[in-house]
Amino acid sequence: HHPSLPFDVIGALCDLVTKLVTLPPMRHTKALHTLIVAAYVCVYNWLAAIPSVRGHEATMQTVANIALLGLTGIATPEGRVPGASRWAICKAGPRPFVPSGSSAPDTSLPSYRVQEAAALLLAQ
């Protein structure tokens, strides 16, 4: 295989996850979340199959960003992905983030399946 193939595939999968997770809430369906989970699993499998990829800092930063996006709705510590949901992780599981001054929680949360798939990447 071409030496850059794993990096190209993982990068494309990460771009796909970012695009799908940040779609407007009304576009989030069970089918969409199934696609997101499948993309996370593909990234996980590429990382497991080609361990040398884990030594590439830029690729692993991209992977960490999509894991963070799936867990918190925030792609990087520096800022939010436009249109992404925000929610808090607590001992009892993810909880909707309620902005100050608002009584309604953010309803655009990823499904629990998406959260689990994102957490799988952190275990890699």
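Keep in mind the model is a prediction, meaning the values are calculated, not measured. Note that these values count all heavy atoms, side chains included, but never hydrogens, waters or copies made by symmetry.
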For a 4.5 angstrom cut-off between non-hydrogen side-chain atoms, does Ile50 reach Val53?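 They are in side-chain contact.
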Are Cys14 and Asn65 side-chain neighbours, meaning at least one heavy-atom pair lies under 4.5 Å?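 No, every pair of side-chain atoms sits at 4.5 Å or beyond.
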Supply the atom-to-atom distance Thr22 OG1 to Leu69 CG, rounded to the nearest 0.5 angstrom.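 Separation between the atoms: 7.0 Å.
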How far does NE2 of His2 sit from CG of Asp8, to the nearest 0.5 angstrom? 8.0 Å
Give me the atom names and distance for the closest heavy-atom approach of [X] to [Y].
X: Ile36; Y: Val17; result: O-CG2, 4.4 Å
X: Leu122; Y: Ala67; result: CD2-CB, 3.7 Å
X: Pro6; Y: Trp46; result: CA-CZ3, 3.7 Å
X: Leu121; Y: Leu47; result: CD2-CD1, 4.4 Å
X: Lys30; Y: Arg113; result: O-NH2, 3.1 Å

Applying side chain to side chain contact (heavy atoms under 4.5 Å, CB included), run through Arg27 and Leu20 and close with a yes or a no. CA-CA 9 Å; Arg27 303 268 317 268; Leu20 295 178; over 6 Å; no
Got a donor-acceptor contact below 3.5 angstrom from the His28 side chain to the Val21 backbone? yes
With sequence neighbours excluded, residues passing ring-ring contact (aromatic ring centres under 6.0 Å, His included) with Phe7: His56
Run the numbers on Tyr40 and Leu13 for side chain to side chain contact (heavy atoms under 4.5 Å, CB included), then give the verdict. CA-CA 8 Å; Tyr40 275 120; Leu13 288 165; over 6 Å; no
One pair to check against side chain to side chain contact (heavy atoms under 4.5 Å, CB included): Thr62 and Ile10. What are the steps and the verdict? CA-CA 9 Å; Thr62 302; Ile10 291 170; over 6 Å; no
